[in-house]
Amino acid sequence: MIKLPGLIDPHVHLREPGATHKEDFDSGTSAALAGGITMVLAMPNTKPPIFDADTLDLALNAAKQKARCDYGQFVGAGPDNAIMAASLADKAAGLKMYLDSTFGELRLNDMTLWQPHFANYPKNYPLVAHSESRSMAAAILFAAIYDRPVHIAHISLKEEILLIKAAKEKGIKVTCEVCPHHLFMTSSSPSGRGQGEGRMEVRPRLATQTDVDALWGNLDVIDCFATDHAPHTLEEKDSDNPPPGFPGLETFLPLILTAVDHQNFTMDDVIKKMYTNPKKIFNLPDQPETWVEVDENASYEIRAEEQFTRCGWTPFEGWKVRGKVRKVVLRGKTAFEDGRIFVKPGYGKNIRG
Ligand code: NCD
Ligand code: ZN
């Protein structure tokens with residue numbers, strides 16, 4: 001048995017308000033606990049999107065009633081809410097800027113719309129950019145010009161990790177996260193069990209083996225791991241217009257633990273990238289008396305039917321992994337043990353509360 005700190009997932013989509021048939025604060029935070037995660041930061045591309053005081057309250061009220069682990073809620077950067085968003089910084093997990101195509105309505109195409117956000121959002125709180133390839137380069141330039149930190153969500157490409165490495169060497173305040181699916185799958189990974197290609201739709205798209213090798217070859221440049229848990233139902237994924245996104249909360253730690261001891265990857269890296277670094281980058285509070293017990297030798301196959309997520313599937317169905325979460329203690333209380341959740345909806349606390 002190994003003991004880990006309560007893990008942090010800084011990038012999850014819990015679909016509340018507006019799409020609770022995919023997930024809600026209850027099912028999503030149950031999935032988090034089952035995955036050894038005691039703190040989640042929720043993205044704002046909901047219906048309606050979270051972009052002002054009223055919509056932030058809508059999400060935070062739902063979370064307060066329903067969340068079983070601790071949580072924060074991002075505010076989305078819109079075309080004309082920079083001052084408003086900055087004024088909410090004490091209540092929000094951070095500011096999320098969608099600079100590339102995504103699921104939902106929040107997208108800033110024109111760079112003049114980026115400026116007020118980089119200029120106004122308080123520097124002690126995180127500004128997270130969904131920005132791929134050349135727009136990622138632009139986001140890093142904005143961070144340099146406005147002399148503030150920027151965190152790049154879900155990087156997946158060789159050109160991205162190499163540019164971030166170079167930017168860090170120049171002292172630019174850029175950090176980044178990588179998702180398990182971009183570390184363990186490529187665009188030629190089989191979609192599994194003869195299912196439709198819609199299941200493999202995800203943003204950023206799965207990349208090439210060269211890209212995957214570049215991520216593993218530059219592990220020290222990766223600050224955090226994050227799931228980008230983006231649940232959509234199987235019916236939606238197998239439809240003619242499949243939305244992009246994979247669930248990931250319950251497969252996060254087992255996939256990562258299975259990779260330990262390969263490619264110079266150690267338990268120290270796991271703790272740094274799933275606890276120490278995200279805590280620092282996202283300015284997150286301590287969780288006293290909180291830990292995760294993992295049976296590191298338990299080998300098993302991933303099964304969607306055993307998961308708490310409401311979406312009902314996983315792209316990792318049938319994968320053989322090593323390392324099972326046995327018990328999660330959150331603020332002194334057993335929250336999860338041997339497949340069962342023991343804390344009630346509402347036990348979770350707002351990390352900016
Ligand atoms: C995300 C979603 O479904 O909300 N999908 C995804 O493929 N990652 C949107 C996003 O993170 O851009
Ligand atoms: Zn996302």
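Remember, it's 1-based here, ligands and their atoms both numbered in the order they're listed. The figures here come from the full heavy-atom set of this structure, side chains too, leaving out hydrogens, waters and symmetry mates.
Contact annotation: for E201 versus ligand 1, there are no heavy atoms closer than 4.0 Å.
Sorting the N, O or S atoms of D228 by how far they are from the Zn ion (ligand 2) puts OD1 first. H13 contributes atom NE2 as its closest N/O/S atom to the Zn ion (ligand 2).
Evaluated by nearest non-hydrogen atom to atom 11 (O) of ligand 1, the leading choice among R205, R203, H13, H229 is H13. Nearest to atom 2 (C) of ligand 1 by heavy-atom distance, out of R15, H11, M43, is R15.
Taking 4.0 Å as the cut-off between side-chain N and carboxylate O, R352 and D90 do not count as a salt-bridged pair. The pair E197-R199 fails the salt-bridge criterion, with no side-chain N (NZ, NE, NH1 or NH2) lying under 4.0 Å from an Asp/Glu carboxylate O. Classification of E317 and R303 as a salt-bridged pair holds, one side-chain N sitting under 4.0 Å from a carboxylate O.
Within ligand 1, counting atoms from 1 as listed, the ones closer than 4.0 Å to a heavy atom of H130 are 12 (O). For ligand 1 and V202, the ligand atoms under 4.0 Å from any heavy atom of the residue are 7 (O). Atoms of ligand 1 lying under 4.0 Å from any heavy atom of A230, numbered from 1 in the order shown and given with element: 1 (C), 2 (C), 3 (O), 5 (N).
Backbone and side-chain nitrogen or oxygen atoms of D228 are examined, and one is located within less than 3.5 angstrom of a nitrogen or oxygen of ligand 1.
Under the 3.5 Å distance criterion, with hydrogens and angles disregarded, a donor-acceptor pair is assigned to the side chains of Q209 and D213. A donor-acceptor contact closer than 3.5 angstrom is absent between the side chains of R331 and T290. Between the side chains of D211 and H182, no donor-acceptor pair is found at a separation under 3.5 Å.
By the 6.0 Å contact criterion, CD on E235 is open, its count of non-hydrogen atoms from other residues, nucleotides or ligands being 12 or less.
At least one N, O or S atom of H11 sits under 2.8 Å from the Zn ion (ligand 2). Among the backbone and side-chain atoms of H154, none of the N, O or S atoms lies under 2.8 Å from the Zn ion (ligand 2).
Residues R310 and K22 form no side-chain contact, since every pair of their non-hydrogen atoms from C-beta on lies 4.5 Å or further apart.
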